[in-house]
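In what follows, a single structure is set out as structure tokens and then discussed.
These values consider heavy atoms only, across backbone and side chains, with no hydrogens, waters or symmetry-generated copies. Residue numbers begin at 1 in each chain, while the letters A, B, ... track the order of the sequences.
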Protein chains: 2
Amino acid sequence: MAETRSKPSKGSKRASTRTGAPKATIKDIARAAGVSVATVSRVLNTPDLVVAKKRQAVLRALRRHDYIPNQTARSMISRRSRAIGLILPTLANPVFVPAIAAIEQELDRAGYALLINCCERDPARELAQARTLIERGMDGLLITGSEHLPDLPALLARHRIPHVSQDVSQDIALDKPMGPSIGLDNAGALAAAVDHLHACGHRRIAVLSGPVHNTPSVRDRFLSAIARIRHHGLICPDAWCAVSDDYDNHSTRIAAQRLLDCGEQPTAVALTGDLLALGLISECRARSLDIPRDLSIIGCGDTNMGQYADPPLTTIHMPFVEMGRAAARDLLSLIEDRKPPELSILPHELVIRQSVAAPANAHSAKTGRLRTNRL
Amino acid sequence: MAETRSKPSKGSKRASTRTGAPKATIKDIARAAGVSVATVSRVLNTPDLVVAKKRQAVLRALRRHDYIPNQTARSMISRRSRAIGLILPTLANPVFVPAIAAIEQELDRAGYALLINCCERDPARELAQARTLIERGMDGLLITGSEHLPDLPALLARHRIPHVSQDVSQDIALDKPMGPSIGLDNAGALAAAVDHLHACGHRRIAVLSGPVHNTPSVRDRFLSAIARIRHHGLICPDAWCAVSDDYDNHSTRIAAQRLLDCGEQPTAVALTGDLLALGLISECRARSLDIPRDLSIIGCGDTNMGQYADPPLTTIHMPFVEMGRAAARDLLSLIEDRKPPELSILPHELVIRQSVAAPANAHSAKTGRLRTNRL
DNA sequence: TTGAAAGCGCTAACAC
DNA sequence: GTGTTAGCGCTTTCAA
């Protein structure tokens with residue numbers, strides 16, 4: 001057999017890629033199997049249309065050449081890349097990781113690839129990344145958050161790119177709708193947190209927030225906590241509304257110090273994120289404040305952190321995994337012309353552990369109601 | 001102007017994508033600007049070659065049509081996708097996230113897209129994902145870990161796909177080399193951990209490991225710890241070598257119980273990962289064992305967790321960020337025909353916090369040497 | 001059942 | 001400088 005060693009025919013004009021030998025194309029296979037390229041394509045896509053004998057020959061050639069079809073060429077014809085782009089605010093905050101995992105899983109199952117970009121909370125960069133993803137022929141885009149340049153919805157609309165937003169701020173989603181959106185009930189979560197503290201008898205409730213810049217979800221949580229405290233007819237002086245510059249131990253402790261150094265000490269603190277608990281707990285430990293005896297703490301998010309905190313953190317579970325899964329599914333629906341709901345807000349859930357108790361001087365403490373339902 | 005409303009010419013055979021109106025192509029722009037497609041292409045790629053007047057006309061048409069070049073078509077010609085694929089073992093373990101962030105950053109800076117796949121530690125799935133990524137025309141692949149099917153290196157070699165491995169087990173990398181690799185010194189890290197405990201006066205040192213199945217890095221750490229304990233002439237009975245089924249609180253505590261329930265209690269525990277500290281600390285708290293007074297703990301990894309643990313965790317810093325960055329850079333070098341080093345092992349670093357002290361009955365305690373160099 | 005040929009949107013010779 | 005044209009690798013009519 002003359003073709004045993006199938007070196008590229010000497011006169012070939014086929015440009016070898018810079019990085020190696022030319023890959024076998026459908027043409028090579030056709031030549032090797034003694035059929036036309038159309039037949040090879042049929043064996044690949046609709047094998048039943050090819051008579052067994054030729055099919056075998058083609059399959060053999062395919063295997064011998066380690067043929068890998070060129071998806072790029074296919075995308076060109078089908079006008080579909082079977083890939084979607086995910087734009088994240090950042091990977092520094094690990095709360096998105098479970099959502100990413102869920103998205104990856106859903107897409108992989110459906111045969112879609114996932115491209116990831118982090119815009120580092122820079123809306124201009126986000127817009128640029130969206131453009132690049134469109135250039136790259138993404139079948140759809142998953143956008144995280146709701147702090148965008150107005151050009152972004154315009155871009156998506158003009159190019160009719162299917163897209164779903166996740167982790168949107170409810171207000172913004174209603175105010176400037178940008179297609180189907182999945183949100184967490186951030187405001188509701190902190191209201192529930194404050195309600196829980198209130199139900200435990202706390203009347204001096206403070207708020208400790210993460211950075212709110214370009215992070216509507218955190219801002220929603222923060223403002224909602226304050227509003228809910230007032231809703232209960234309680235005071236909430238500025239000194240009890242601290243914002244940390246970051247989630248690291250140092251920044252959080254500085255913010256926590258502002259709360260604890262003011263004349264009147266709160267008996268409970270509602271956090272906009274579980275991560276903040278650790279710094280606050282550190283600060284309490286340094287001041288020999290016992291949690292929950294001297295200070296109750298309730299988190300928000302229900303990340304791993306909370307489960308391991310000392311004491312284990314009572315918190316509001318936020319369904320990030322479900323959010324990612326829903327976003328991915330809705331986007332795939334959209335790509336396949338089925339229309340997902342415009343805005344769905346996923347429910348939170350109170351997770352009672354051990355960082356909240358009745359205040360020491362409680363009048364209306366109902367300690368019996370506190371029990372762990374997770375751990 | 002007749003073309004103000006540029007509806008797709010009625011007779012056009014151009015297939016509209018299923019999801020919307022046909023996007024403007026270079027042909028549309030050429031027609032609108034009254035030039036040839038080549039001129040439009042030149043305006044896009046080598047604007048200096050086009051006379052100003054026509055260039056302006058083209059630019060105007062480009063803007064009016066919101067033209068977005070089709071990267072797929074470009075890739076077809078250049079045979080480069082300017083995209084790379086990253087295969088991860090899992091996203092459930094957040095240690096990889098900082099590496100991913102570093103990779104994303106490096107690639108974004110270089111104008112490359114990042115595709116992410118999780119194989120969930122299933123080597124067959126990893127192989128399938130690699131195939132898919134090759135089909136999709138990735139310019140290179142970033143592989144994580146070193147537990148592969150033998151078909152994987154074969155596949156990469158046959159198709160001459162530039163690839164770099166990260167988080168490789170040093171032994172495996174040397175034994176079955178698979179191209180340029182970046183590793184962490186897992187064995188060295190646990191040896192250093194044990195050395196530190198030994199230097200603090202500990203002679204009864206136990207090991208608590210995360211699951212080792214398909215996770216050579218963890219196995220390396222585990223075995224190295226045991227070997228190092230023996231190297232110091234100490235005993236290390238089986239009961240002092242516990243392996244947790246998972247990193248969650250429950251699994252870790254079960255493993256920790258095995259350590260602490262055996263007749264002879266260790267005075268110190270070396271962990272294969274920071275994450276395990278939290279469960280172990282919980283268990284100690286439940287038994288009223290003070291850390292570090294009654295038990296010293298040293299972690300490995302230096303994740304956020306450790307900074308927030310109570311007490312703050314003395315640990316071995318593992319350079320995951322540097323690993324991701326190096327992997328991305330080396331891969332880009334490889335794609336551009338520059339040859340990166342075959343195997344680089346990144347250095348670890350002891351981070352002394354507060355979870356290690358001399359044992360209560362120490363003979364050779366040198367407490368003065370212990371000081372925090374981070375926090 | 002198969003093959004020839006026309007593109008998908010773009011770039012790069014090669015003429016003019 | 002600019003236009004014409006030949007592909008990139010593949011799928012898909014349309015004939016045979």
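- Note: CZ (A:Arg80) to P (D:dT11) measures 15 Å, nearest angstrom.
- Between the CE atom of A:Met76 and the P atom of C:dA6 there is a distance of 17 Å, rounded to whole Å.
- Residue A:Arg74 has a polar side-chain atom (N or O) positioned under 4.0 Å from OP1 or OP2 of D:dT11.
- Rounding to the nearest 0.5 Å gives a distance of 11.0 Å between OG1 of A:Thr132 and CZ of B:Arg82.
- Remark: the backbone N or O of B:Pro180 is not paired with any side-chain donor or acceptor of B:His163 at under 3.5 angstrom.
- When rounded to the nearest whole Å, the span between CD1 of B:Ile26 and P of C:dG7 equals 18 Å.
- Rounding to the nearest 0.5 angstrom, the gap separating the NZ atom in B:Lys23 from the NE2 atom in A:His159 is 8.0 Å.
- Less than 4.0 Å separates DNA chain C from at least one heavy atom of each of the following residues of residues 37-46 of chain B: B:Ala38, B:Ser41, B:Arg42, B:Asn45.
- The closest donor-acceptor contact from the side chain of A:Glu147 to the backbone of A:Arg121 lies at 3.5 Å or more, if one exists at all.
- Residue B:Ile68 contributes atom CD1, which lies 11 Å from atom P of C:dC10 at whole-angstrom precision.
- Computed from coordinates, the A:Lys27 NZ to C:dG3 C1' distance equals 14 Å when rounded to whole Å.
- The minimum heavy-atom distance linking B:Arg131 with A:Tyr67 is given by the pair NH2-O, 3.8 Å.
- When each of B:Val51 and B:Ala73 is assigned the nucleotide of DNA chain D bearing its nearest heavy atom, the one mapping closer to the 5' terminus is B:Val51.
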Using salt bridge (Lys or Arg N to Asp or Glu O under 4.0 Å), reason through A:Asp108 and B:Arg125 one step at a time and then give a plain yes or no. CA-CA 11 Å; A:Asp108 195 57; B:Arg125 194 151 168 211; 3.1 Å; yes

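- Helix-axis bend for the helix from C:dT1-D:dA16 to C:dC16-D:dG1: the local axis fitted to the five terminal pairs at one end deviates from that at the other end by 50°, rounded to 10°.
- Among B:Val50, B:Leu44, B:Val51, the one residue that satisfies the side-chain contact (heavy atoms from CB on, under 4.5 Å) test with B:Thr39 is B:Val50.
- In this structure, A:Asp28 places its CG atom 11 Å from P of D:dC8, rounding to the nearest Å.
- For C:dG3, one of the phosphate oxygens OP1 or OP2 lies less than 4.0 angstrom from a side-chain nitrogen or oxygen of A:Ser36.
- B:Ser81 places a side-chain N or O within 3.5 Å of a backbone atom of B:Ala83 that can act as its donor or acceptor partner.
- Taking atom CZ of residue A:Arg31 and atom C1' of nucleotide C:dG3, one finds them 16 Å apart after rounding to whole Å.
- For the pair B:Leu49 CG and C:dA12 C1', the interatomic distance rounds to 12 Å; values are reported in whole Å.
- A donor-acceptor contact shorter than 3.5 Å is absent between the side chain of B:Ser165 and the backbone of B:Thr144.
- Of the candidate nucleotides C:dG9, D:dG3, C:dG7, C:dG7 has the atom nearest to the side chain of A:Ile77.
- Within the 4.0 Å cut-off from OP1 or OP2 of D:dG9, not a single side-chain nitrogen or oxygen of A:Tyr67 is found.
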